[in-house]
Amino acid sequence: DRHLINDVAFSVSDNVFNAVVEIPAGSSQKWEVDKISGQIEWEKRKGKYRVIDFLAYPGNYGFIPQTYQSVAMGGDGDPLDVLILGEALPKGTVVEIKILGSLNLLDGGEIDDKYIAIPVNSKLFKKVKDLDDAFIKYPGSIEIIRTWFEGYKKPGKIQFMGYSKRQKAMNNIDLGHAEWIKAVGTRS
């Protein structure tokens, strides 16, 4: 089996990234990639499979392969998180995405930004170029996502720090890729 973090290409072209779906839109089960095996596993907490005690995920949740939010830079040590708008995609799907921007969040004091994206071949969102477009063409959609992330864990755990526009978000993804290259280089 291929390692979903290390063996899936980071990007397809300059403005198109790959993403791996861990949790399909509409699911409440908390699945995540295991950093060692590179496989998606149902997360356990205190010996029990984790199900979020909130509304189901408002989009397909996953990560951008070959990225890393380094602990040294204030992150959580995981690949960069992405929420892909649109219909539910099966767990493990690799999808080509276009970044709209990001929600800048702190989770227990750690940087835990959520990149907002659409599938490159999205029919529903094909005219959406960035977060500003999403705010205008789909009123309330981005606010719903923000509210969801602020509420799905216990109150006050997630702190909203603002939005990043598309170019800044893509620059941060490039930095996350550079961090992954450094981290992988130290392992080999």
Side-chain angles (χ1 to χ4, degrees), residues 2-23 31-40 57 59-85 89 92-120 122 125 128-135 142 145-146 148-150 152-153 157-188:
R2 68 182 174 167
H3 195 288
L4 293 172
I5 300 171
N6 299 330
D7 297 340
V8 175
F10 163 67
S11 64
V12 180
S13 65
D14 279 349
N15 296 317
V16 178
F17 299 95
N18 276 321
V20 178
V21 175
E22 294 168 299
I23 304 167
W31 291 75
E32 75 174 7
V33 70
D34 179 87
K35 289 184 267 198
I36 294 163
S37 73
Q39 300 308 300
I40 296 172
Y57 277 80
N60 297 287
Y61 188 76
F63 64 91
I64 299 171
Q66 297 186 9
T67 62
Y68 174 67
Q69 183 68 59
S70 86
V71 175
M73 309 263 292
D76 60 7
D78 290 339
L80 300 181
D81 297 322
V82 64
L83 187 80
I84 307 154
L85 304 180
L89 298 168
T93 300
V94 176
V95 59
E96 294 179 4
I97 58 167
K98 181 174 97 174
I99 299 296
L100 301 180
S102 68
L103 282 175
N104 304 325
L105 303 173
L106 290 178
D107 183 348
E110 294 175 332
I111 295 169
D112 198 15
D113 295 347
K114 306 300 179 192
Y115 294 88
I116 309 296
I118 56 172
V120 167
S122 174
F125 298 105
V128 177
K129 293 175 183 52
D130 54 27
L131 280 185
D132 290 339
D133 262 3
F135 278 112
I142 302 303
I145 293 165
R146 171 187 167 179
W148 190 89
F149 277 108
E150 287 177 311
Y152 88 107
K153 291 187 177 181
K157 181 149 172 40
I158 305 285
Q159 195 176 353
F160 175 70
M161 304 301 289
Y163 297 102
S164 284
K165 291 192 179 277
R166 183 169 188 264
Q167 192 56 55
K168 181 165 181 12
M170 291 196 314
N171 291 346
N172 288 339
I173 292 168
D174 286 337
L175 288 173
H177 183 55
E179 286 296 314
W180 173 83
I181 290 169
K182 272 197 265 181
V184 168
T186 59
R187 276 188 238 133
S188 39

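What's counted below: heavy atoms across the whole structure, side chains too, no hydrogens, waters or symmetry copies.
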Discussion item. With a 4.5 Å cut-off on side-chain heavy atoms, are Ile142 and Arg146 touching?
Written reply: no
Worksheet item: Which residues satisfy the side-chain contact (heavy atoms from CB on, under 4.5 Å) test with Asp133, sequence neighbours excluded?
Response: Val128, Lys129, Asp130, Lys137
Worksheet item: Do Glu110 and Gln69 pass the side chain to side chain contact (heavy atoms under 4.5 Å, CB included) test, and can you show the C-alpha distance, the side-chain angles, and the key distance before you say yes or no?
Response: CA-CA 10 Å; Glu110 294 175 332; Gln69 183 68 59; over 6 Å; no
Worksheet item: Between Lys98 and Asn15, is any pair of side-chain heavy atoms under 4.5 Å apart?
Response: no
Item to complete: Indicate the ring-plane relationship of His177 and Phe10, choosing parallel, tilted or perpendicular according to the 30° and 60° boundaries.
Response: parallel
Worksheet item: Can you tell me how far CD of Gln167 sits from CG of Asn172, rounded to the nearest 0.5 angstrom?
Response: 10.5 Å
Fill in: Derivation and outcome, side chain to side chain contact (heavy atoms under 4.5 Å, CB included), residues Val82 and Ile173
CA-CA 10 Å; Val82 64; Ile173 292 168; over 6 Å; no
Fill in: Crowding at NZ, Lys168 (>12 non-hydrogen neighbours, <6.0 Å)
no
Discussion item. So, taking the atom named OG in Ser122 and the one named CD1 in Ile84, what distance separates them when rounded to the nearest 0.5 Å?
Written reply: 11.0 Å
Worksheet item: With under 30° as parallel and over 60° as perpendicular, where do the rings of Phe149 and Tyr61 fit, or are they tilted in between?
Response: tilted
Worksheet item: Does Leu103 reach the side chain of Leu83, with side-chain heavy atoms less than 4.5 Å apart?
Response: no
Item to complete: Kindly give the heavy-atom pair with the smallest separation between Phe125 and Ile118, and that separation in Å.
Response: O-CD1, 3.5 Å
Discussion item. Please evaluate residues Phe135 and Leu100 with respect to the criterion side chain to side chain contact (heavy atoms under 4.5 Å, CB included), reporting the C-alpha separation (whole Å), side-chain torsions for both, the decisive distance (0.1 Å), and the verdict.
Written reply: CA-CA 11 Å; Phe135 278 112; Leu100 301 180; over 6 Å; no
Item to complete: Look only at the side chain of Asp7 and the backbone of Arg2, and say whether a donor-acceptor pair between them is shorter than 3.5 Å.
Response: no
Item to complete: Could you check if a side-chain atom of Tyr68 sits within less than 4.5 angstrom of a side-chain atom of Val184, using non-hydrogen atoms only?
Response: no
Worksheet item: Does the Arg166 side chain pair with the main chain of Ile99, one donor and one acceptor, at a distance under 3.5 Å?
Response: yes
Worksheet item: What are the two closest non-hydrogen atoms of Ala19 and Ile97, and how far apart are they?
Response: CB-CD1, 3.8 Å
Worksheet item: Asp113 versus Leu80: any side-chain heavy-atom pair under 4.5 Å?
Response: no
Worksheet item: Of the non-hydrogen atoms in Ala169 and Ser164, which two are nearest, and what is the gap between them?
Response: N-CB, 4.3 Å
Discussion item. Can you tell whether the side chains of Lys165 and Asp132 come within less than 4.0 Å, N to carboxylate O?
Written reply: yes
Worksheet item: Out of curiosity, Ile116 CD1 to Ile145 CD1, how far, rounded to the nearest 0.5 Å?
Response: 4.5 Å
Fill in: Donor-acceptor contact below 3.5 Å, side chain Asp112 vs main chain Leu106
no
Worksheet item: Which heavy atom of Asp174 sits nearest a heavy atom of Phe17, and at what distance?
Response: OD1-CE2, 4.2 Å
Item to complete: Could you tell me whether the side chain of Leu105 reaches within less than 4.5 Å of the side chain of Phe160, counting heavy atoms only?
Response: yes
Worksheet entry | Result of checking Lys35, Gln66, Gln39 against Ile5 for side chain to side chain contact (heavy atoms under 4.5 Å, CB included) | Lys35
Worksheet item: Are side-chain heavy atoms of Pro65 and Leu4 found at a separation under 4.5 Å?
Response: no
Practice prompt. Starting from the C-alpha separation in whole Å, work towards a yes-or-no answer on side chain to side chain contact (heavy atoms under 4.5 Å, CB included) for Glu32 and Phe63.
Written response: CA-CA 9 Å; Glu32 75 174 7; Phe63 64 91; over 6 Å; no
Item to complete: Nearest 0.5 Å please: distance from the OH atom of Tyr163 over to the CG atom of Leu131.
Response: 8.0 Å
Worksheet item: Are Ser102 and Asn104 linked by a side-chain donor-acceptor pair shorter than 3.5 Å?
Response: yes
